[in-house]
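Worth knowing before you read on, the calculation uses all heavy atoms, side chains too, and leaves out hydrogens, waters and symmetry mates. In the text below, chain A, chain B and the rest are named by the order of the sequence lines, each starting its count at 1.
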Number of protein chains: 2
Amino acid sequence: MENQNELIGAFMQMKTKEQMLNFLNGILTPKELEEISRRLQIVKMLKRGIPQHTIAKKLGAGVATITRGSRELKMGRFKYI
Amino acid sequence: MENQNELIGAFMQMKTKEQMLNFLNGILTPKELEEISRRLQIVKMLKRGIPQHTIAKKLGAGVATITRGSRELKMGRFKYI
DNA sequence: TTTCCATATCATACTAGTATACTAGCATTA
DNA sequence: TAATGCTAGTATACTAGTATGATATGGAAA
């Protein structure tokens, strides 16, 4: 999608963390920002081999959510984190 | 929030557009990616001074959504795009 | 006046959380 | 050995919350 390329370009243009935060706060709702941040935590903990139940408890998330993250991981996403 | 800092760090680590796309595809659902891409389009067109109803028609979005984007713009977000 | 913007309301779609069930592997125990 | 219990991963049905789209209305600016 063409619009996605522009989005990616915008992300790549952010040179400082402050710029990135400003951009994220604009483009995402507070709830979305929180959710997406948590998804990253899920993936990181999954990569570390932490059991799904433990992740769910620590992050206050549902097991189903962790399983969804696990599926994304297996599909080859997150090669670079 | 601590998790948000890690998210920002992850975004900053992406060195190529391919990495960024891989990351976004993992951390966002297809629907979210589409929505967020469109939000960026909305802001860009608003900045260009295009009437809201024109934007709505071109992007297939509702007027209320454009107005919400306009509000974000006025609140000082998107200083860097 | 006419165009444009902002807001409210309602219905819809999507995601997360919860509960539950199923399977597999492993250790313990009768 | 066979049965039981526990942990872990996965899948599914249901509910709640949230963002969007459509629409109507009121107000502001040209």
Side-chain angles (χ1 to χ4, degrees), chain A residues 1-4 6-8 10-11 20-79 81, chain B residues 1-8 10-11 21-79 81:
Chain A
M1 190 79 82
E2 184 53 43
N3 293 344
Q4 286 183 18
E6 290 204 37
L7 180 67
I8 292 172
F11 272 120
M20 185 65 79
L21 179 60
N22 179 274
F23 180 59
L24 289 177
N25 275 324
I27 209 88
L28 300 177
T29 66
K31 172 93 174 184
E32 283 172 342
L33 185 53
E34 190 187 333
E35 269 181 18
I36 295 170
S37 297
R38 185 164 50 192
R39 286 182 207 165
L40 178 60
Q41 294 303 310
I42 290 173
V43 173
K44 283 190 167 185
M45 296 175 83
L46 281 170
K47 279 201 168 185
R48 273 189 252 135
I50 300 177
Q52 294 191 4
H53 297 283
T54 306
I55 299 175
K57 192 170 292 184
K58 284 210 177 185
L59 295 182
V63 182
T65 305
I66 316 295
T67 298
R68 289 168 196 137
S70 169
R71 210 176 319 164
E72 290 298 313
L73 198 54
K74 287 177 185 166
M75 285 169 67
R77 279 76 156 98
F78 308 111
K79 282 187 290 192
I81 61 174
Chain B
M1 191 78 83
E2 183 54 42
N3 294 345
Q4 286 183 18
N5 282 330
E6 290 204 37
L7 180 67
I8 292 172
F11 273 119
L21 179 60
N22 178 274
F23 180 60
L24 289 177
N25 275 324
I27 210 89
L28 300 176
T29 66
K31 165 100 174 189
E32 284 171 342
L33 186 53
E34 190 187 333
E35 268 182 20
I36 295 169
S37 297
R38 186 165 49 192
R39 286 182 206 164
L40 179 60
Q41 293 303 310
I42 290 174
V43 174
K44 282 190 167 184
M45 296 175 84
L46 282 170
K47 280 200 168 184
R48 274 188 252 135
I50 300 176
Q52 293 192 5
H53 69 88
T54 306
I55 299 175
K57 192 170 292 184
K58 285 210 175 186
L59 296 182
V63 182
T65 304
I66 315 297
T67 299
R68 287 168 197 137
S70 170
R71 207 178 320 162
E72 291 298 312
L73 198 55
K74 287 175 184 167
M75 284 169 67
R77 280 77 155 99
F78 307 112
K79 281 187 290 192
I81 60 175

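For B/R68, the side chain to side chain donor-acceptor pair (under 3.5 Å) test picks out no residue, with sequence neighbours left out. The ring pair (Phe, Tyr, Trp, His ring centres under 6.0 Å) test applied to A/F23 returns A/F11, not counting sequence neighbours. Partners of B/S70 according to the side-chain contact (heavy atoms from CB on, under 4.5 Å) rule, which considers only residues two or more places apart in sequence or in another chain, are B/L46, B/Q52, B/K74. In this view, A/R38 satisfies the salt bridge (charged side-chain N to carboxylate O under 4.0 Å, His left out) rule with no residue, not counting sequence neighbours.
The stretch residues 39-51 of chain A participates, sequence neighbours left out, in these salt bridge (Lys or Arg N to Asp or Glu O under 4.0 Å) pairs: A/E35-A/R39, A/R39-B/E32, A/K44-B/E6. The salt bridge (Lys or Arg N to Asp or Glu O under 4.0 Å) contacts involving residues 56-65 of chain B comprise nothing, where partners must be two or more places apart or lie in separate chains. Among residue pairs with one or both ends in residues 45-76 of chain B, none qualify as ring pair (Phe, Tyr, Trp, His ring centres under 6.0 Å); sequence neighbours excluded.
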Report, as a single string ordered 5' to 3', how protein heavy atoms within less than 4.0 Å touch nucleotides 13-21 of chain D: B base, S sugar-phosphate only, - not at all.
-----SSBB
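Near DNA chain D, meaning a heavy atom under 4.0 Å from it, residues 41-58 of chain B has no residue at all.
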